[in-house]
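Okay, structure first, notes after.
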Number of protein chains: 2
Amino acid sequence: MTIALLASILNHMVELDAPVLDDIFHALGDATRRRMLHELAEGPRSVGDLAAPFAMSLAAASKHIKALERAGLVRRTIQGRTHLCRLDAGPLATAHAWTAHYQRFWTSRLDTLEALLRQQDATTPPKGD
Amino acid sequence: MTIALLASILNHMVELDAPVLDDIFHALGDATRRRMLHELAEGPRSVGDLAAPFAMSLAAASKHIKALERAGLVRRTIQGRTHLCRLDAGPLATAHAWTAHYQRFWTSRLDTLEALLRQQDATTPPKGD
DNA sequence: GCGATTGTCAACCCGATGGTTGAGGATCAG
DNA sequence: CTGATCCTCAACCATCGGGTTGACAATCGC
């Protein structure tokens, strides 16, 4: 059963152009869901807890949670009548890995930024050290 | 004018819960657009070049490119009758930074993975260092 | 058993998205 | 000037997404 876990993790790290990314990025493309993830980062939350901060019906919030589940970002355990949601950041690692693939295209800009700051530093009168 | 560039870059790195992220993640949530970015990583491409690999009309591809532009991922320069598109990875850095914020929630799992691999390594007969 | 609580489900509304086609504005080649 | 090329724009269509409401299943407290 640890094998399944391993396969799941490795799959997340490798499969970079899959439809999985559609679900992940789609889930992240909504401020409400990002705020929910932010909340879940503090610990497990019930559906009601997650819905509370928003001016929307419980059903609407439930849909958002389902979107997060479809992306694999949230897992749910049912305890009695309350549904306990917890964060699963694995898919976020996938998204992170995908964006990292393009890192060389912005690091050059950051190097430029650093150079500009250094230059500006040189032109401004030094205030000691 | 370098000030504007600086402000743009810094803004990208800081503004983490802005509606900008909506556009960025939404742009990334489509396989067609991700493939376009992949192509643009090779160098500047015309609209026709970007549309060619896909079984869709030029107008449809044009809409995808507009979505990428809205997210700031693509900038366009018009040369005669052809529109030259080039990658701007700055917003990708923003997305990268956002996901990084949750890194501690998956690194633990990766540590588990590493531990499992190490353990497996120890149990398999070593083939000479 | 009964009422209150938690949450899903289904139907519905409406704006956004992704696709098409057709028309047309520029520009390049001749 | 003329025709071909590149691309956008507008109209249209189907589907999706996010929101609502109302009904209902299941559980907890009593």
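Sequence lines set the chain letters: A, B, ... in the order given, protein chains first and strands last, and positions in each chain run from 1. What you see below is based on every heavy atom in this structure, not just the backbone, and it leaves out hydrogens, waters and symmetry mates. Keep in mind the model is a prediction, meaning the values are calculated, not measured.
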Output every pair passing ring pair (Phe, Tyr, Trp, His ring centres under 6.0 Å) with a member in residues 34-76 of chain B, not counting sequence neighbours, ordered by first then second residue. none
Which angle, to the nearest 10 degrees, lies between the helix axes at the two ends of the helix from dG1(C)-dC30(D) to dG30(C)-dC1(D), each defined by five pairs? 30°
Could you identify which residues of residues 42-49 of chain B place a heavy atom less than 4.0 Å from some atom of DNA chain D, listed by residue number, or say none? S46(B), V47(B), G48(B)
Reckon H83(A) has a side-chain N or O less than 4.0 Å from the OP1 or OP2 of dT8(C)? yes
With a 4.0 Å cut-off on heavy atoms, is A67(A) in touch with a base, just the backbone sugar-phosphate, or nothing at all? nothing
Measure the distance from CG on L58(A) to P on dT20(D) and round it to the nearest whole Å. 11 Å
Which class fits the ring pair F25(B) and F25(A): parallel under 30°, tilted 30 to 60°, perpendicular over 60°? parallel
Nucleotide nearest T82(B) when distance is taken to its side chain, options dT20(D), dC6(D), dG7(C): dC6(D)
Same hydrophobic cluster for L58(B) and L68(B), using side-chain heavy-atom links shorter than 4.5 Å among ILVMFWY? yes
Please report the interatomic distance CG(L21(B)) to OG1(T94(B)), rounded to the nearest 0.5 Å. 7.0 Å
Kindly compute the distance separating CG (L37(B)) from CG (L50(B)), expressed to the nearest 0.5 Å. 9.0 Å
Length of the line joining F54(B):CZ and dC7(D):P, which is rounded to integer Å: 15 Å
Taking T99(A) for the side chain and A95(A) for the main chain, is one N or O donor matched with an acceptor at less than 3.5 Å? yes
Gap separating the SG atom of C85(A) from the CE atom of M36(A), nearest 0.5 angstrom: 8.5 Å
Is it true that a side-chain atom of R33(A) and a backbone atom of A27(A) form a donor plus acceptor pair closer than 3.5 Å? yes
I65(A) CD1 - dG18(D) C1' separation (whole Å): 14 Å
Under-4.0 Å side-chain N/O to phosphate OP1/OP2 contact, K66(A) with dC9(C): yes
Does H64(A) make a side-chain N or O approach to OP1 or OP2 of dG19(D) shorter than 4.0 Å? yes
Whole-Å distance between dT6(C) C1' and L84(A) CG? 12 Å
Which residue lies more 5' along DNA chain C, comparing K63(A) with A55(B) via nearest heavy atoms: K63(A)
Hey, what do you get for CZ (R45(B)) to CG (L40(B)), rounding to the nearest 0.5 Å? 7.5 Å
Euclidean distance, atom CD1 of residue I78(A) to atom P of dT8(C) [Å, nearest integer]: 8 Å
Just to verify, what does S46(B) make a side-chain hydrogen bond (donor to acceptor under 3.5 Å, both in side chains) with, not counting sequence neighbours? D49(B)
Tell me the side chain to side chain donor-acceptor pair (under 3.5 Å) pairs involving residues 19-28 of chain B, sequence neighbours left out? R34(A)-D22(B), D23(B)-R70(B)
Atom CG in L92(B), atom NE2 in H96(B): separation rounded to 0.5 Å? 10.0 Å
Whole Å only: how far is the CE atom of M56(A) from the P atom of dT21(D)? 13 Å
Establish, with yes or no, whether the OP1 or OP2 oxygen of dG7(C) is under 4.0 angstrom from a side-chain nitrogen or oxygen of S62(A). no
Between C1' on dA16(C) and CZ on R70(B), what's the gap in Å once rounded to a whole number? 10 Å
Among the candidates dG17(D), dG7(C), dG19(C), find the nucleotide nearest to the side-chain atoms of H26(A). dG17(D)
Can you tell me if S57(A) touches the phosphate of dG19(D), counting only side-chain N or O atoms and a distance under 4.0 Å to OP1 or OP2? no
Round to the nearest Å and state the distance from D30(B) atom CG to dA16(C) atom P. 18 Å
Every protein N/O lying under 3.5 Å from an N/O of nucleotides 27-30 of chain C:
residue	atom	partner	partner atom	Å
dT27(C)	O2	R81(B)	NH1	3.3

